[in-house]
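Written out below as structure tokens is the structure these notes cover.
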Protein chains: 2
Amino acid sequence: MSLRYALLALLTAEPLTGYDAVKRFGGSVGYVWHAPDSQIYPELRRMEGEGLIEGEQVRWGPNSTKTRYSITGEGVRALREWLEAPIPYAPLRDVSRMRAAYFEWAGPESARENLRRHIDYYTEQVGRWKDMRQAILSAEHPSIAARLEKYPAEEHERIIAYKAFAYEGLIARGEAEIEWGRRGLDLIDELEGPSQARGEPGS
Amino acid sequence: MSLRYALLALLTAEPLTGYDAVKRFGGSVGYVWHAPDSQIYPELRRMEGEGLIEGEQVRWGPNSTKTRYSITGEGVRALREWLEAPIPYAPLRDVSRMRAAYFEWAGPESARENLRRHIDYYTEQVGRWKDMRQAILSAEHPSIAARLEKYPAEEHERIIAYKAFAYEGLIARGEAEIEWGRRGLDLIDELEGPSQARGEPGS
DNA sequence: ATATCCATGTAATGCGTTACATGATTTG
DNA sequence: CAAATCATGTAACGCATTACATGGATAT
């Protein structure tokens, strides 16, 4: 049910077509909340039905229109309410940890491969998150720029700060994952002897 | 689809009834992979149908039986295969970060309340995870004890080490969450002035 | 004109959640 | 004998995923 709040949050910056929203979910917001097109379009229509957003038909080319959605007063209220309500923390479902717990059933080489992938994955993610954080802090990112234009200058600092703070959480988490992966590789070396994948120099 | 592998992993320690499995998901395994009864019983039957596990009827009281499941050779093969295959990392869907990114829409007091809950939640979890890690390292936990009995002594070290390592990942992650929450509270103080909830001593 | 973007979906399936439901057995 | 535990589900619903599908508009 958070998809709808992600959409509402997006729409507080500027009106968007479904396609615009899909684009956002491919980039910025998508780093925090993933959603495919097939979920976004129907959700927007449902939200319009409930009065949280309003669609207006905009000319697009000579023979066509597109729907541009804006958030309504009720939409803002719903977003606020959601932000102020306590989140029910979802029970854990952690594939990486589950797999690691049973590494004795995989070969050491495949356990290593697993951890290397873990490290690579989070290294890449951390890179992205750091870039996003920078783009937010410098107000370069188009969607943050549009947002700042819409709100008075005294709000800018906090708008930026909270978004950067969110990314800092992702970065910290990612770095913890990388650390964990490295300790895992060391652990495997201790338990099973060092990897045979690399030759000993000087032997 | 990981539920079935969690079940297979459990069954490598000892045969279990559905109810036993449900119990495990309420405790040990449940800290890593959550599943409700309503998912476990049907999944066990499906797995039996696919030959990954075998159910045998065991007397239970004078007029009743229960089904005790054991892992089959094919089940072990399936578990190994899953452990050795690369995990497709699921796209992110992070409610805490999403909410934090839009804290300017909540009041400062409700943003603080949010972060306090975040800190409390992870503090509690970290406590549990640390206890579990200890219980594993000392081989006190009943399910780890049963497991160790079944495998030769030279396997014990790695069986324990990998499970402890998994919990260490959770602990590290939890601690990063707590840290993040604290920095968030500081950030709110900076942006909005300190909380009015507490009086200034000496004023 | 052709490729790439812009725009918008439907359909099938599966995993997971919540709520509801029942009865036997052991333990105190 | 009453309470707690053991045992095993069904049913309805909703969110999410994957695959499939189409056509107009703009840029080169």
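This structure is a prediction, so every number in the text was calculated from the model and none was measured. Chain identifiers are assigned alphabetically (A, B, ...) following the order of the sequence lines, protein sequences preceding nucleic acid strands; residue numbering begins at 1 within each chain.
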Between [atom2] on [N] and [atom1] on [X], what's the gap in Å once rounded to a whole number?
{"X": "B:R4", "N": "C:dG14", "atom1": "CZ", "atom2": "P", "value": "12 Å"}
{"X": "B:W60", "N": "C:dA24", "atom1": "CH2", "atom2": "P", "value": "9 Å"}
{"X": "A:I40", "N": "D:dA16", "atom1": "CD1", "atom2": "C1'", "value": "12 Å"}
{"X": "B:L3", "N": "C:dG14", "atom1": "CG", "atom2": "P", "value": "15 Å"}
{"X": "B:Q39", "N": "C:dA19", "atom1": "CD", "atom2": "P", "value": "16 Å"}
{"X": "A:Y41", "N": "D:dA16", "atom1": "OH", "atom2": "P", "value": "18 Å"}
{"X": "A:D37", "N": "C:dC6", "atom1": "CG", "atom2": "P", "value": "13 Å"}
{"X": "A:L16", "N": "C:dT8", "atom1": "CG", "atom2": "P", "value": "11 Å"}

So that I can tick it off, tell me whether B:R133 and B:E168 are bridged by a salt bridge, with the cut-off set at under 4.0 angstrom between side-chain N and carboxylate O.
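Counted as a salt bridge, because a side-chain N and a carboxylate O are separated by less than 4.0 Å.
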What I want to find out is whether A:R116 reaches A:E109 closely enough, with some N-O distance under 4.0 Å, to be called a salt bridge.
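Yes, A:R116 and A:E109 are salt-bridged.
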Using salt bridge (Lys or Arg N to Asp or Glu O under 4.0 Å) as the criterion, point out the one residue from A:E190, A:E192, A:E104 that pairs with B:R158.
A:E192
Most 5' of A:G61 and A:A35 on DNA chain D, judged by nearest nucleotide
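Mapping each residue to its closest nucleotide by heavy atoms, the 5'-most match is A:A35.
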On DNA chain D, compare the nucleotides closest to B:K66 and A:H34; which residue's is nearer the 5' end?
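By nearest-heavy-atom nucleotide position, the 5'-most residue is B:K66.
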Would you verify whether the NZ or CZ of B:R97 falls within 45 degrees of the ring axis of B:W180 while also being under 6.0 Å from that six-membered ring's centre?
yes
Would A:R24 count as a cation-pi partner of A:W33, with NZ or CZ less than 6.0 Å from the six-membered ring centre and within 45° of the ring normal?
no
Can you measure from CG (B:L185) to CD (B:E113) and round to the nearest 0.5 angstrom?
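Between B:L185 CG and B:E113 CD, I get 10.0 Å after rounding to 0.5 Å.
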Just checking A:S38: base, sugar-phosphate only, or nothing, at a heavy-atom cut-off of under 4.0 Å?
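Here A:S38 touches the bases of the nucleic acid.
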Would you please confirm or rule out a distance under 4.0 Å between OP1 or OP2 of C:dG9 and any side-chain N or O of A:R45?
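So the side chain of A:R45 is within the cut-off, an N or O lying under 4.0 Å from OP1 or OP2 of C:dG9.
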Are any of B:R93's side-chain N or O atoms less than 4.0 Å away from OP1 or OP2 of D:dT17?
yes
Whether A:H141 side chain and A:A135 backbone form a donor-acceptor pair below 3.5 Å:
no
Within residues 19-30 of chain B: residues closer than 4.0 Å to DNA chain D (heavy atoms)
B:Y19, B:D20, B:K23
